[in-house]
Amino acid sequence: MDPHNSLNSQQQQAVMAGLGPVLVLAGPGSGKTRVLTQRIAYLISSMGVRPYNILAVTFTNKAAREMESRLTGLLGGSTQGLTLVPFHAIYARIMRREAEHLPFKADFVIYDADDQLSLVKQAIKELNLDEKRYRPTVIHAQISNAKNDLRLPDDYLVQDYRDEITQRVYRLYRDRLLANNALDFDDLLLWMAYLLEENRPIRERYARRYEHVLVDEFQDTNLAQYALLKHLASFHENIFVVGDTDQSIYRWRGPDYHNVQRFEKDFPATQVILLEQNYRSTQTILDVAMAVIDRNPYRTPKRLFTERGQGQKVTLYEASDDRVEAAYAVDTIATLVKLEDYQPGAFAVMYRTNAQSRMLEEAFLAHNLPYKLVGAQRFYGRREIKDVIAYLRLVQNPQDEISLARAINTPSRGIGSKTYLALRTQAQKTRVSPGELLVQLANDSQSPVWGALGGRAAAAISAFSSLLAKWTQARDGLSPLMLMDQILDDTDYHSYIDDGTDEGNDRWENVMELRRLASEFQDQGLTAFLEQIALVSDQDTLEASANAPTLLTLHAAKGLEFPVVFIVGLNEGILPHSRSTDDPEEMMEERRLFYVGITRAKDRLFLVCPQQRNAYGYLGPVEESRFLADIPDELISTTGRLRSSPGRATATYRPERWQVPAQNAAAVLQPRYQPGMRVQHPTWGEGMVLNSRVDSDDEIVDVFFKEIGLKHVAASLARLEIKP
DNA sequence: ATGGACAATGTTTTT
DNA sequence: CATTGTCCAT
């Protein structure tokens, strides 16, 4: 952000734009969040708009919170009543309020990706389909796409037999969700759009209320979200959207950056404002970014510029394999912290796939250096966390069969698949869900169900039934934390999960962490707690407090910035990913992804690619990413093997701890360079020796040059001069 | 009903 | 290779 508290003329134009539709096309680092918050502040304090009449939506909690805190800084407490929330959260909230107009109840639960997949699997099985032929993940993706295009099962586009199958699964999946009183992520948009579409009074109520609608990251909205926004803005038509088509990286999730063009078409009176001045990066980094993105066809070229000056060149390092790649990143970070006074928190290492983080984590661990890993999945996907959440969800909504199936025999209490099936059959007879039947059974010792179950099964069911009934009754009187403690206690979960091993210990620690999270919802209730958990984004888990380098995927990096950025794994098949190489649209998205990564960097950018990579457990050669060829040579300084002369053997970076020892036992060569020595190189300038070792009749010196960073030079070739 | 052993099978990104 | 599912012995 710019140090002066003033807006440039384009920003000002955006902030003070008049009524009607406004489209702000904001390049990376151009002060997009700033414009949004200033706009809200302007509406409230200068235009006299009541906060109650403003709706501002973001994609993540983090973005919403950040805007909120900035607004509080600008306006103090006078933002009371403002709706500033993530997309999914606001729709969940509205739908709970309006549940009577919808085919589900107000206490619905939100299914995560795992739950959704189980439900699809269940549907496929029920329809007697072959899981091999009809892969659940593929079918699920198709259903999700249909929902994002606002297609209900009846409107599902059927062109061949496969589509027909998908349609049948979709229908059953939809029915199962409703029977479970559960929504998936797409439903939050789909049903909300349905509600506004079908129910005019409700639509008008909200559309009248929201005099101003503001949207962040507009390029990532899908058709459903777009339709929704149009409805919400349909009365006043004051819709202010901010986005950057070059940063559209969620195409597979339904978003369609053509929405930006659609917007201009749907709202012909749109004022379009371009923000091109960048307040984040050096000009070199921007030039690299533009060189990469300019290769994408059909885009409005943007000239990104900055007043920050040229800055240092971007460093390209070719590592021998992905282990060395990780070590290089960690070593360079350690060096920069030591020699250039960078804070450890100033660094980020970005990669294409989550699997790539492992190698990096190991490298950090080997250096004994702390790091932060972005990724909610890592926590909420854990078995013990899913267990406890299943219990809580079941108490909130006994209709939830996915949670029931998980909780009913965890820890094992003698209710296996047979008994569970019997319970389901009995439930079907009286047309209630198994969970509801369980709650009923607790107070009905005369029920014919008992007779239908075997003696041992009946005892087990009875015990669980009383527990569940007890919890559901206590629910409203207890805070989420108290309820959780009660459940943990009643199920003796501690002794189940913590078997005394380190792993068991960790698992219990995780439960305690969840407990801590629950404690923050003392007075908001179970519904709010569960909803928060269902809708956390990866970025939300990023802790600002710890001063350590951040490891994250390129996707998770969007919207963030770091003084020093490493992008690793710049290989064909990784970035661009192999699954994207045959589709030009997807290839363009890979390029945008790289662009997003590059533009996160404020001061320095390191691009790293290994020549070999571990895949399927074997080390195999990999090509360097095609994107690297698009970067002009004069913006890059190269270490490791020089890419202009691929055949030449040069010093390869190899951190000491992986050095094969005693290779030079007979060496007579004495090292001349010592760590800490200052040296001068004719072209690279002044530097400091970090390390030196004798290897194959030559002395290999690691020098950190002030201008260009870490280099590994052979003493016999490099004309190094030792300075006093 | 439970838990372990083995085979198969599959690898992007995420609200 | 690393996870997930299936089969089998207890």
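Small disclaimer: the values here were computed from a predicted structure and weren't measured. First the proteins, then the strands, lettered A, B, ... as listed; each starts at 1.
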Problem - Output field: ring centroids A:Phe185/A:Tyr111 closer than 6.0 Å - result: no

Handout entry: Residue pairs passing the salt bridge (Lys or Arg N to Asp or Glu O under 4.0 Å) test where at least one lies in residues 183-194 of chain A, sequence neighbours excluded
Key = A:Lys147-A:Asp184, A:Lys147-A:Asp187

Handout entry: Between P of B:dT15 and CD1 of A:Ile249, the distance in whole Å
Key = 11 Å

Residues 407-426 of chain A side chain polar contacts: donor-acceptor under 3.5 Å, at least two apart:
unit_1: A:Asn409; atom_1: OD1; unit_2: A:Arg413; atom_2: N; d: 2.7
unit_1: A:Asn409; atom_1: OD1; unit_2: A:Gly414; atom_2: N; d: 3.4
unit_1: A:Asn409; atom_1: OD1; unit_2: A:Ile415; atom_2: N; d: 3.3
unit_1: A:Asn409; atom_1: ND2; unit_2: A:Ile415; atom_2: O; d: 3.0
unit_1: A:Thr410; atom_1: OG1; unit_2: A:Arg406; atom_2: O; d: 2.5
unit_1: A:Arg413; atom_1: NH1; unit_2: A:Tyr391; atom_2: OH; d: 3.3
unit_1: A:Arg413; atom_1: NH1; unit_2: A:Ala407; atom_2: O; d: 2.9
unit_1: A:Arg413; atom_1: NH1; unit_2: A:Ile408; atom_2: O; d: 2.8
unit_1: A:Arg413; atom_1: NH2; unit_2: A:Tyr391; atom_2: OH; d: 2.9
unit_1: A:Tyr420; atom_1: OH; unit_2: A:Glu401; atom_2: OE1; d: 3.3
unit_1: A:Arg424; atom_1: NE; unit_2: A:Glu401; atom_2: OE1; d: 3.4
unit_1: A:Thr425; atom_1: OG1; unit_2: A:Leu421; atom_2: O; d: 2.7

Which protein N or O atoms sit under 3.5 Å from an N or O of nucleotides 3-10 of chain B?
unit_1: B:dG10; atom_1: OP1; unit_2: A:Arg135; atom_2: NH1; d: 2.6
unit_1: B:dG10; atom_1: OP1; unit_2: A:Arg135; atom_2: NH2; d: 2.6

Taking only N/O atoms, report every protein-nucleotides 4-10 of chain C pair under 3.5 Å with atom names and distance.
unit_1: C:dG5; atom_1: OP1; unit_2: A:Lys121; atom_2: NZ; d: 3.2

Exercise for the section: Output the single nucleotide from B:dT13, B:dA1, B:dT12 whose closest atom is nearest the side chain of A:Arg579. Expected result: B:dT12

Handout entry: side chain to side chain contact (heavy atoms under 4.5 Å, CB included) against A:Asp506, all qualifying residues, sequence neighbours excluded
Key = none

Exercise for the section: Identify whether any heavy atom of A:Phe59 sits under 4.0 Å from a base atom; if not, whether one sits that close to sugar-phosphate; answer base, sugar-phosphate or nothing. Expected result: sugar-phosphate

Completion exercise
For A:Glu531, the salt bridge (charged side-chain N to carboxylate O under 4.0 Å, His left out) test, sequence neighbours excluded, returns A:Arg96

Completion exercise
Out of B:dT14, B:dT12, C:dA2, minimum distance to the side chain of A:Thr553 belongs to B:dT14

Handout entry: salt bridge (Lys or Arg N to Asp or Glu O under 4.0 Å) contacts in which one or both residues fall within residues 591-601 of chain A, not counting sequence neighbours
Key = A:Glu589-A:Arg592, A:Arg591-A:Asp630

Pairs under 3.5 angstrom only: tabulate donor-acceptor contacts from the side chains of residues 566-575 of chain A to other protein residues two or more places apart or in another chain.
unit_1: A:Asn571; atom_1: OD1; unit_2: A:Arg613; atom_2: NH2; d: 3.2
unit_1: A:Asn571; atom_1: ND2; unit_2: A:Pro610; atom_2: O; d: 2.9
unit_1: A:Asn571; atom_1: ND2; unit_2: A:Glu623; atom_2: O; d: 3.1
unit_1: A:Glu572; atom_1: OE1; unit_2: A:Arg626; atom_2: NE; d: 3.2
unit_1: A:Glu572; atom_1: OE1; unit_2: A:Arg626; atom_2: NH2; d: 2.7
unit_1: A:Glu572; atom_1: OE2; unit_2: A:Arg626; atom_2: N; d: 2.7
unit_1: A:Glu572; atom_1: OE2; unit_2: A:Arg626; atom_2: NE; d: 3.0

Practice task
Taking ring-ring contact (aromatic ring centres under 6.0 Å, His included) as the test, write out the residues that go with A:Phe562, two or more places apart.
Solution key: none

Exercise for the section: Check every strand shown and say whether A:Phe87 touches a base, only sugar-phosphate, or nothing at a heavy-atom separation below 4.0 Å. Expected result: nothing

Exercise for the section: Go through C:dT3, B:dA1, B:dT14 for me and flag the one nearest to the A:Thr419 side chain. Expected result: B:dA1

Problem - Candidate nucleotides B:dA1, B:dT12, B:dT14, ranked by approach to the side chain of A:Thr353 - the nearest - result: B:dT12

Problem - Among B:dT13, B:dT12, C:dT3, the nucleotide that comes nearest once only the side chain of A:His577 is considered - result: B:dT12

Practice task
Tell me which nucleotide among B:dA1, B:dT12, B:dT14 gets nearest to the side chain of A:Asn354.
Solution key: B:dT14

